[in-house]
Amino acid sequence: MAAKVISFHYTLTDPSGKKLDSSEGDEPLSFLQGVGQIIPGLEAALAKLNVGEKKKIQVAAKDAYGLRDSKHEIEVPLEQLPKKDIKIGDMFQAGQDGHSPPLTVIKLTGTHATLDANHPLAGIDLTFDVEITEIRDATPEESDHGHAHGAGGHHH
Ligand SMILES: [Zn+2]
């Protein structure tokens with residue numbers, strides 16, 4: 001059976017109802033099933049829906065971006081940071097390839113900064129209000145690449 005490409009609109013809110021992200025006014029998000037393109041808790045819930053269906057999907061932090069882990073907080077000397085005048089909340093890209101998670105400054109002393117490599121949404125229970133806009137078979141090319149192509153998907 002060919003994998004499916006599912007397209008959907010979504011609004012993402014945190015437990016206080018604050019809107020974190022939304023596809024409103026944009027193309028729906030498209031993803032290839034079964035390859036981990038989106039968080040597992042959301043993918044499993046979307047797989048049960050049909051085109052046109054709307055649903056409120058709640059995904060616990062552990063099934064979303066994971067729980068916060070203090071092991072992912074690291075203390076580095078200020079002179080190793082790429083700029084001066086560091087403030088709490090500043091973000092840095094680790095590594096050279098641009099794919100590493102951003103590091104956020106969460107603590108400062110006179111000599112050191114504590115950087116947090118947890119995903120910004122780690123530890124947060126998420127609510128997605130979704131509407132399925134399309135379900136179709138993945139093309140051989142998409143299955144080969146491991147992601148969806150076209151509007152809302154991957155562009156080359
Ligand atoms: Zn591709």
Side-chain angles (χ1 to χ4, degrees), residues 1-74 76 80-83 89-106 113 115-156:
M1 202 179 79
K4 300 286 183 197
V5 168
I6 300 177
S7 301
F8 64 104
H9 274 298
Y10 68 96
T11 296
L12 169 60
T13 49
D14 73 8
S16 73
K18 184 176 148 215
K19 196 204 274 189
L20 301 173
D21 196 9
S22 175
S23 63
E24 223 174 287
D26 209 342
E27 295 286 352
L29 187 68
S30 298
F31 73 99
L32 177 65
Q33 257 192 318
V35 296
Q37 254 198 292
I38 62 170
I39 56 174
L42 181 59
E43 175 159 352
L46 289 173
K48 296 183 189 131
L49 302 179
N50 297 309
V51 173
E53 253 187 286
K54 293 183 182 183
K55 193 162 196 257
K56 188 183 282 293
I57 298 171
Q58 293 185 313
V59 185
K62 68 175 172 54
D63 298 318
Y65 292 95
L67 301 173
R68 292 189 56 81
D69 185 345
S70 58
K71 282 201 295 290
H72 294 149
E73 295 171 10
I74 46 169
V76 297
Q80 282 183 18
L81 294 175
K83 66 170 206 170
D90 281 354
M91 289 172 103
F92 296 101
Q93 195 70 42
Q96 308 301 322
D97 62 3
H99 290 293
S100 311
L103 303 171
T104 308
V105 178
I106 54 169
L115 304 178
D116 182 4
N118 285 292
H119 189 281
L121 295 178
I124 301 177
D125 294 331
L126 303 175
T127 300
F128 294 87
D129 281 290
V130 303
E131 178 179 4
I132 305 285
T133 59
E134 189 187 19
I135 301 174
R136 63 172 170 81
D137 288 333
T139 65
E141 199 189 17
E142 287 172 322
S143 296
D144 194 41
H145 286 195
H147 53 229
H149 289 160
H154 208 277
H155 297 267
H156 292 283

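Excluded from the calculations below are hydrogen atoms, water molecules and symmetry mates; all remaining heavy atoms, backbone and side chain alike, are included. Order of appearance sets the numbers: ligands from 1, and atoms from 1 within every ligand.
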*Yes or no on side chain to side chain contact (heavy atoms under 4.5 Å, CB included) for Val35 and His147, after CA distance, side-chain angles and deciding distance?*
CA-CA 8 Å; Val35 296; His147 53 229; over 6 Å; no
*Can you give the angle His145 ND1 - the Zn ion (ligand 1) - His156 NE2, rounded to 10°?*
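That angle works out to 110° after rounding to 10°.
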*Can you give the angle His149 NE2 - the Zn ion (ligand 1) - His147 NE2, rounded to 10°?*
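His149 NE2 and His147 NE2 form an angle of 110° at the Zn ion (ligand 1).
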*If the plane angle is over 60° it's perpendicular, under 30° parallel, otherwise tilted; pick one for His149 and His145.*
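The rings of His149 and His145 stand perpendicular, inter-plane angle above 60°.
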*Assign the ring pair His156 / His154 to parallel, tilted or perpendicular, where the plane angle (0 to 90°) is split at 30° and 60°.*
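Judged by the thresholds at 30° and 60°, the geometry between His156 and His154 is tilted.
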*Any N/O/S atom, backbone or side chain, of His154 lying under 2.8 Å from the Zn ion (ligand 1)?*
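No, His154 does not qualify, because none of its backbone or side-chain N, O or S atoms lies under 2.8 Å.
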_Before you tell me yes or no, could you show the steps for Asp21 and Tyr10 under side-chain hydrogen bond (donor to acceptor under 3.5 Å, both in side chains), namely the whole-Å CA-CA distance, both residues' side-chain angles and the distance that decides it to 0.1 Å?_
CA-CA 8 Å; Asp21 196 9; Tyr10 68 96; 3.0 Å; yes
